[in-house]
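Worksheet for the structure shown next.
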Protein chains: 2
Amino acid sequence: MNILNLKIDILKLVAHPVRIAILNELSKGVKCVSDLEEFLEVRQSNISQHLSALRHTEIIDYFIDGRLRCYFLKSPFILDLLEIVKKDYPEELPGPECCPVTKKGTYPGDRRK
Amino acid sequence: MNILNLKIDILKLVAHPVRIAILNELSKGVKCVSDLEEFLEVRQSNISQHLSALRHTEIIDYFIDGRLRCYFLKSPFILDLLEIVKKDYPEELPGPECCPVTKKGTYPGDRRK
DNA sequence: CAAATATATTCAAATATTCTAATATATAAA
DNA sequence: TTTATATATTAGAATATTTGAATATATTTG
């Protein structure tokens, strides 16, 4: 698998409310599954399923302390991603000038005869 | 819809090889659908479907020149996203110290008795 | 060792996504 | 005004994702 496709798989995983909440929590530090259960309103097995998916893409890893599995973030890409997800974007991009009512404008390429 | 869910929907859309290729192309400038057809190996109707999805989430917009629809990027979030997708991440995050073989470590929270 | 706790896995149903084929629409050219 | 070109929409099949329920596994405690 090439790098782009790997990133696409990661984006797909992050694009889920429960998984993004898990990742956001792990970005603050090590958490065990019970910690996550405390603030996620989904069943335990479902949390484990999401953690499993995140593990398989090497986004997270864990160590064991007794019967606790302690998860932590492994991917620096995720930190950058979480950051722009939290960032506020009040403005649209400037964009090419075109009439906002008729949506008419001039194509800049060479396809026009 | 709140801001987080909007961003999640956007991530879901970006997490697709054809759509990310389209967005990457639009990040370089205005392109009409035929321009996109030229380097995407999918059928025209499929490209239109992807463009439609991107329009509905307000990621892109278009203007019309004759029979050409000229698409352009509207969302600054996408520019930041494309940038980190292209960025190289050679290192893993440092992570908590734990034995890489046994995966044993010490839970930092207060759940341990 | 038995019971309790923490977590993972499997399976199946429900739901969502993706793609192709067919067709529709709008503009321009002949 | 017929025809060609550019693009969009719809419908349906194929595929993938998500979740809950049930169950399995490992560790600790009594």
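Atoms considered below: every heavy atom in the structure, side chains included; atoms not considered: hydrogens, waters and symmetry mates. Reminder, nothing fancy here: chain letters follow the sequence lines and each chain counts from 1. Note that the coordinates shown come from a computational prediction; the quantities given were computed from them, not determined experimentally.
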Grab the [atom1]-[atom2] distance between [X] and [N] for me, whole Å please.
X: Leu40(B); N: dT20(C); atom1: CG; atom2: P; value: 13 Å
X: Arg112(A); N: dT7(D); atom1: CZ; atom2: P; value: 11 Å
X: Arg67(B); N: dT3(D); atom1: CZ; atom2: P; value: 16 Å
X: Asp61(A); N: dT7(C); atom1: CG; atom2: P; value: 16 Å
X: Arg111(A); N: dA4(D); atom1: CZ; atom2: C1'; value: 16 Å
X: Leu68(A); N: dT25(D); atom1: CG; atom2: C1'; value: 16 Å
X: Phe63(A); N: dA6(C); atom1: CZ; atom2: C1'; value: 15 Å
X: Lys103(A); N: dT27(C); atom1: NZ; atom2: P; value: 14 Å

| task | Enumerate the residues from residues 11-39 of chain A whose closest heavy atom to DNA chain C is under 4.0 Å, giving them by residue number; use none for an empty result. | result |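 Result for residues 11-39 of chain A: Cys32(A), Val33(A), Ser34(A), sorted by number.
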| query | Among residues 43-52 of chain B, which residues get a heavy atom nearer than 4.0 Å to DNA chain C? | reply |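 Heavy-atom contacts with DNA chain C come from Arg43(B), Ser45(B), Asn46(B), Gln49(B), His50(B).
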Atom [atom1] of [X] and atom [atom2] of [Y]: how far apart are they, to the nearest 0.5 Å?
X: Leu40(B); Y: Ile47(B); atom1: CG; atom2: CD1; answer: 4.5 Å
X: Leu81(B); Y: Ile10(B); atom1: CG; atom2: CD1; answer: 9.0 Å
X: Asp35(B); Y: Ile22(B); atom1: CG; atom2: CD1; answer: 12.0 Å
X: Lys7(B); Y: Asn2(B); atom1: NZ; atom2: CG; answer: 10.5 Å
X: Arg55(B); Y: His50(B); atom1: CZ; atom2: NE2; answer: 13.0 Å
X: Lys12(A); Y: Arg19(A); atom1: NZ; atom2: CZ; answer: 10.5 Å

| task | Please say whether more than 12 non-hydrogen atoms of neighbouring residues, nucleotides or ligands are located less than 6.0 Å from CG in Leu6(A). | result |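 Enclosed.
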| said: Just checking Leu79(A): does its CG atom have more than 12 heavy atoms from other residues, nucleotides or ligands closer to it than 6.0 angstrom? | reply: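 Check passes, neighbour count above 12.
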Establish, with yes or no, whether the OP1 or OP2 oxygen of [N] is under 4.0 angstrom from a side-chain nitrogen or oxygen of [X].
X: Tyr107(A); N: dT7(D); result: no
X: Tyr62(B); N: dA8(D); result: no
X: Arg55(B); N: dT9(D); result: yes

| Going by side-chain heavy atoms closer than 4.5 Å, which hydrophobic residues are tied to Leu68(B), directly or by a chain of links? |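 Members alongside Leu68(B): Tyr107(A).
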| message | My understanding is that a pair needs two contacts under 3.5 Å, Watson-Crick or G-U wobble. By that rule, which nucleotide pairs with dT18(C)? | response |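 Across all strands, the one nucleotide that pairs with dT18(C) is dA13(D).
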